[in-house]
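Everything quoted here is computed from the prediction, not taken from an experiment.
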Amino acid sequence: MNLIGMVLILAAIVAAEFFLYEKLGFKNVTYTIKISVSEAYENDEIEIIEEIDNAKRLPLVWARSEISCSPYLRFKGQNPENKKDRSLRGLVSGIFTLKGYQKCRRVWKVKCEKRGIMTIDNATITVSDLFGLSKRAKMFEVSDSVRVLPAPADMEAGELSGNTFIGDISVRRFMLPDPFMISGAREYTGREPMNRVHWAQTARCGRPMVFDNEFTTERRVMILMNMQRSETHVQPLSDHNLELQIKAAAFVLDHCENSGSTECALTANTEAALLIPAASGYEHSLGVLRTLAELEPTCGDYADVFFESLDLNDFTDIILITPFVSERLGALLNALTLKRKTVKILTAGLTDGDAFVPKTAELHIIPR
């Protein structure tokens, strides 16, 4: 009789505990999750912070959180080689045990693997009793995201010509000569100030000589990004080639910023034509990177038609980022070099032997 009584008492306790957690398991339970930063770069490590608060006397002996987020946010401990099903990479779970009136905070280390807007979509909390009989789940809507900016391609600045984007360049005519660009000496005309007299040349020639200065202008760079996959069809780039070209554009942008006051512009033949005017400085570079971070694989026009319609007269350097060079596009680049503009081609799919690559243009391969 005592054994039966103990079994009945135990059954009553289990039943009471079951109904207690069924009714009160989620009472006064709050859950929040947020990303530590609003902006990061590719391959940066950021933090995702989740917090659960059990504001009641009843303890939570077992609470499980399951986070659904962008698959390119890799949580520490996840296998980076598991790329067969990235949807599984966007699910991460953790276990909490909380006493009554206790709050628990967990910080996840997360690596940003790809540029773009990475989001936390939602989080599901499952609460169970001590014996695992009662399992109730509740979804918490989450609205948080991080903009992941593209990292520059792994290229050396030396791969471009030595004076690229640095300092002024000589031009045939301008309003006034540059006092800092000395090309030689010429005869004194009587109109030059005394501080322009070239005394060494005066002594050598036996007559008054003055410094001869170049006419210069500042460098202005135009990045032409070709979004067309092949020269025969108006189809957008593959995801892989798009990422390579965005990294190349980020590399050029970074190179311009580091060179000082070089102005840089960006255009692309996207569905809605992209054109960012020339400017310089950190804020401008950051704005361009933000645009590149959200760039979608679309194509609105043939590359040669689109680039021919642009006015490139105000630019000294033209950087074409493209998977191909057609005959018409090659002719356009060659015409630009005849106007004394520096032309460079950054590509992941061309070689020096391609028929339509102008010999006057520098070709550089984007590392894969």
Side-chain angles (χ1 to χ4, degrees), residues 39-44 69-74 83-87 89-90 111-119 121 145-155 222-254 264-277 285-310 318-326 328-329 332-333 344-350 354 363-368:
E39 208 163 65
Y41 283 88
E42 275 185 289
N43 302 316
D44 278 359
C69 62
S70 298
Y72 294 100
L73 293 176
R74 178 162 62 86
K83 297 181 180 180
K84 292 183 179 179
D85 189 357
R86 281 197 175 269
S87 63
R89 291 271 302 279
K111 184 177 181 180
C112 303
E113 291 191 322
K114 186 182 177 183
R115 61 96 197 176
I117 304 297
M118 303 300 160
T119 61
D121 303 319
S145 62
V146 56
R147 181 192 285 112
V148 182
L149 304 178
D154 188 18
M155 302 173 69
M222 169 60 87
I223 303 173
L224 306 176
M225 183 180 290
N226 181 12
M227 302 293 287
Q228 187 182 351
R229 178 177 297 193
S230 66
E231 60 180 291
T232 54
H233 298 92
V234 183
Q235 292 180 337
L237 293 168
S238 65
D239 289 342
H240 178 67
N241 280 341
L242 176 61
E243 299 307 315
L244 290 176
Q245 293 201 172
I246 287 176
K247 289 179 182 294
F251 166 75
V252 176
L253 192 69
D254 182 65
C264 183
L266 172 72
T267 188
N269 54 330
T270 46
E271 188 172 358
L274 172 65
L275 177 59
I276 300 176
S285 298
L286 187 61
V288 178
L289 287 177
R290 286 169 176 165
T291 301
L292 291 174
E294 301 181 35
L295 191 64
E296 296 292 334
T298 64
C299 182
D301 201 354
Y302 287 98
D304 46 16
V305 174
F306 179 76
F307 294 143
E308 259 187 335
S309 67
L310 301 174
I318 309 299
I319 311 295
L320 174 64
I321 306 176
T322 181
F324 68 88
V325 174
S326 64
R328 187 174 175 185
L329 195 54
L332 172 64
L333 297 177
K344 295 176 174 59
I345 302 171
L346 304 185
T347 180
L350 285 168
D354 281 82
L363 183 69
H364 302 278
I365 305 300
I366 307 169
R368 292 183 175 272

Open item on the list: Just to verify, what does A293 make a side-chain contact (heavy atoms from CB on, under 4.5 Å) with, not counting sequence neighbours?
Closed with: R147, L149, P150
Task: L253 side chain reached by S285 side chain, heavy atoms, under 4.5 Å - done: yes
Task: Validation row: D239, P297 side chains within 4.5 angstrom (heavy atoms) - done: yes
TODO: Can you measure from OG1 (T298) to CD (Q228) and round to the nearest 0.5 angstrom?
DONE: 12.5 Å
Task: Lys/Arg-Asp/Glu bridge criterion (N-O < 4.0 Å) met for E231, R328 - done: no
Open item on the list: Less than 4.5 Å apart, side chain to side chain, heavy atoms only: is that true for K114 and V148?
Closed with: no
- [ ] For E243, check salt bridge (Lys or Arg N to Asp or Glu O under 4.0 Å) against everything at least two apart and list the hits.
- [x] R115
TODO: Taking T267 for its side chain and L224 for its backbone only, find out whether a donor-acceptor pair lies under 3.5 Å.
DONE: no
TODO: Return the set of residues passing side chain to side chain donor-acceptor pair (under 3.5 Å) with D121 (not counting sequence neighbours), or none when no residue passes.
DONE: T119
Task: Nearest heavy atoms of L244 and A348, plus distance in Å - done: CD1-CB, 3.7 Å
TODO: Nearest 0.5 Å please: distance from the SG atom of C112 over to the CG atom of L73.
DONE: 5.5 Å
TODO: Give a yes or no answer on whether the side chain of D301 reaches the backbone of N269 with a donor-acceptor pair at less than 3.5 Å.
DONE: no
Task: Worked verdict on M227 versus L274 for side chain to side chain contact (heavy atoms under 4.5 Å, CB included) - done: CA-CA 11 Å; M227 302 293 287; L274 172 65; over 6 Å; no
TODO: Verify, without hydrogens or angle tests, whether Q235 (side chain) and R229 (backbone) share a donor-acceptor contact under 3.5 angstrom.
DONE: no
TODO: For residues L320 and L329, determine if any side-chain heavy atom of one lies less than 4.5 Å from a side-chain heavy atom of the other.
DONE: yes
Task: Side-chain donor or acceptor of N241 paired with backbone N/O of S238 under 3.5 Å - done: no
Open item on the list: Is there a side-chain contact between C69 and M118 in this structure, where contact means two heavy atoms from C-beta onward sitting under 4.5 Å apart?
Closed with: no
Task: F251 side chain near I366 side chain, heavy-atom distance below 4.5 Å - done: no
Task: D254 to P152 - nearest heavy-atom pair and separation - done: CB-CG, 4.4 Å
Task: Side-chain heavy atoms of V252 within contact of K344, under 4.5 Å - done: no
- [ ] State whether the number of non-hydrogen atoms from other residues, nucleotides or ligands found under 6.0 Å of H233 atom NE2 is greater than 12.
- [x] no
Task: Closest non-hydrogen atom pair, T347 against T322 - done: OG1-O, 2.8 Å
- [ ] Any chance you could measure L275, atom CG, to L310, atom CG, to the nearest 0.5 Å?
- [x] 7.0 Å
Task: From CA spacing to verdict: side chain to side chain contact (heavy atoms under 4.5 Å, CB included), E271, E296 - done: CA-CA 9 Å; E271 188 172 358; E296 296 292 334; over 6 Å; no
TODO: Quick one: pull up CD in E113 and CG in D44 and give me the separation to the nearest 0.5 Å.
DONE: 12.5 Å
Open item on the list: So, taking the atom named CD1 in I345 and the one named CD1 in I319, what distance separates them when rounded to the nearest 0.5 Å?
Closed with: 10.0 Å
Task: Distance (rounded to the nearest 0.5 Å) between L266 CG and L289 CG - done: 10.0 Å
- [ ] Taking the side chain as every heavy atom from C-beta outward, state whether L292 and M225 have any pair of such atoms under 4.5 Å apart.
- [x] yes
Open item on the list: Would the distance check show the side chain of Q245 and the main-chain N or O of N226 forming a donor-acceptor pair, the cut-off being under 3.5 Å?
Closed with: yes
